[in-house]
Amino acid sequence: KEEFIPSDGQLTVYGKMTIPMSFDTGSVLCYSDTIEFDFSDPTLDDVSKLKLFFNYTNNFPLGMFVDVFLLDENKQSLSTKPYQEIYMDRPETYPDGENKGRVKTPKTGEFSIAFENGKANSIDKLKEAHYICVSYRSEKENLDQAPPMRLSTSDKMTVRITCEIDGKIILENK
């Protein structure tokens, strides 16, 4: 028998599940997020340099690698290698007690990618991009020697992207 919800609204489902969460040596936690970021507009013709800044916070009890890829309109990578690969340090965790294995203080940092005319990362290459993909993967080495870790629903990673532009951009009111 088919069942439908006959009106617009929200459906909330409650449940309880227990999942043993552990990482063995060689296990990897992976996640990626794709953000629409279309610079193909001709209003960038007078831009000589554009710099993307990535500010991150790691609140997972794991060290994480972050890769940044530029994608075309079909969400295919414009390069075989990431434009940037960084390592987010593993935050310090509580050694014992009720919070054993939980993050004490998140690790924060930033990195940037510059696009400049006449360089390998040129403005023209950036104009081919329609999306930015930020991909995360956990470290896998030395987990057997790492302190115990516990993951919870409040653990998260955030990345905020801002940009700085040298040149002229024409904004039209449509």
Side-chain angles (χ1 to χ4, degrees), residues 10 21 23 28-94 99 101-141 143 146 149-174:
Q10 181 177 352
M21 191 65 175
F23 284 89
V28 178
L29 171 69
C30 295
Y31 172 78
S32 63
D33 193 11
T34 302
I35 305 148
E36 191 168 355
F37 198 81
D38 189 352
F39 274 111
S40 62
D41 196 296
T43 57
L44 285 179
D45 286 346
D46 293 326
V47 172
S48 60
K49 185 176 182 181
L50 185 140
K51 195 170 195 178
L52 298 173
F53 294 92
F54 297 79
N55 294 292
Y56 63 84
T57 301
N58 182 9
N59 198 38
F60 275 111
L62 295 164
M64 300 293 286
F65 291 95
V66 179
D67 297 329
V68 177
F69 292 92
L70 296 180
L71 309 178
D72 65 16
E73 66 275 0
N74 298 313
K75 296 188 177 176
Q76 300 298 312
S77 179
L78 294 174
S79 64
T80 56
K81 294 182 179 180
Y83 275 83
Q84 184 76 37
E85 179 183 61
I86 63 113
Y87 177 73
M88 291 193 287
D89 289 327
R90 179 187 181 134
E92 182 182 0
T93 56
Y94 289 99
N99 289 317
R102 301 281 314 277
V103 172
K104 254 186 190 181
T105 306
K107 290 283 188 175
T108 60
E110 74 174 23
F111 62 94
S112 63
I113 305 173
F115 295 88
E116 191 170 353
N117 287 332
K119 304 281 180 156
N121 284 350
S122 71
I123 295 290
D124 289 336
K125 185 56 113 177
L126 184 63
K127 284 184 178 183
E128 295 176 32
H130 291 262
Y131 301 92
I132 292 178
C133 177
V134 182
S135 179
Y136 312 90
R137 71 184 185 287
S138 64
E139 64 185 346
K140 60 183 179 181
E141 287 80 23
L143 285 181
M149 68 180 97
R150 286 177 37 202
L151 297 174
S152 74
T153 56
S154 64
D155 293 340
K156 61 185 176 218
M157 255 183 316
T158 58
V159 175
R160 185 173 60 107
I161 303 172
T162 57
C163 82
E164 177 183 281
I165 297 173
D166 290 347
K168 179 174 81 174
I169 296 181
I170 301 165
L171 299 176
E172 295 180 16
N173 187 6
K174 294 183 181 181

Query raised in the report: Which heavy atom in Leu71 sits nearest to a heavy atom in Leu78, and how many Å separate them?
Result: C-CG, 4.2 Å
Query - Check: Ile132 and Leu52 side chains under 4.5 Å, non-hydrogen atoms - result: yes
Query raised in the report: Looking only at heavy atoms, what is the nearest atom pair of Cys133 and Ser32, with distance?
Result: SG-CB, 4.1 Å
Report summary line: Smallest heavy-atom separation, Lys49 atom then Ala114 atom, equals CE-CB, 4.4 Å
Query raised in the report: How many angstroms lie between CD1 in Ile161 and OG in Ser112, if you round to the nearest 0.5 Å?
Result: 12.5 Å
Report summary line: So CZ of Phe60 and CZ of Arg90: to nearest 0.5 Å the spacing works out to 12.5 Å
Query raised in the report: For the atom pair CG (Asn59) and CE (Met64), what is the distance rounded to the nearest 0.5 Å?
Result: 12.0 Å
Report task. Flag the pair Leu126 / Leu70 as yes when at least one side-chain heavy-atom distance between them is below 4.5 Å, and no otherwise. Result -> yes
Report summary line: Sorted by chain and number, sequence neighbours left out, side chain to side chain contact (heavy atoms under 4.5 Å, CB included) with Glu92 holds for Lys104
Query raised in the report: Is the backbone of Gln76 close enough, under 3.5 Å, to the side chain of Asn74 for a donor and an acceptor to pair up by distance?
Result: no
Query raised in the report: With side chains defined as the heavy atoms from C-beta onward, is the minimum distance between Val68 and Phe54 less than 4.5 Å?
Result: yes
Query raised in the report: Quick one: NZ on Lys127 to CZ on Phe115, what's the gap to the nearest 0.5 Å?
Result: 13.5 Å
Query raised in the report: If you round to the nearest 0.5 Å, how far is CZ of Phe65 from CZ of Arg137?
Result: 6.0 Å
Query raised in the report: What's the shortest heavy-atom distance between Phe69 and Ser77, and which atoms?
Result: CD2-OG, 3.5 Å
Report task. Please report the shortest heavy-atom distance between Tyr131 and Glu73, naming the atom on each side. Result -> CE1-O, 3.9 Å
**Report entry** Test item: Asn58 side-chain N/O and Asp89 main-chain N/O as donor-acceptor pair under 3.5 Å
**Finding:** yes
Query raised in the report: For Tyr56 and Ile86, which heavy atoms make the closest approach, and how far apart are they?
Result: CE2-CD1, 3.7 Å
Query raised in the report: Can you list the residues that meet the salt bridge (charged side-chain N to carboxylate O under 4.0 Å, His left out) rule with Asp166, with sequence neighbours excluded?
Result: none
Requested in this report: Measure the CG-CZ distance between Asn55 and Arg160 for me, rounded to the nearest 0.5 Å.
Outcome: 5.0 Å
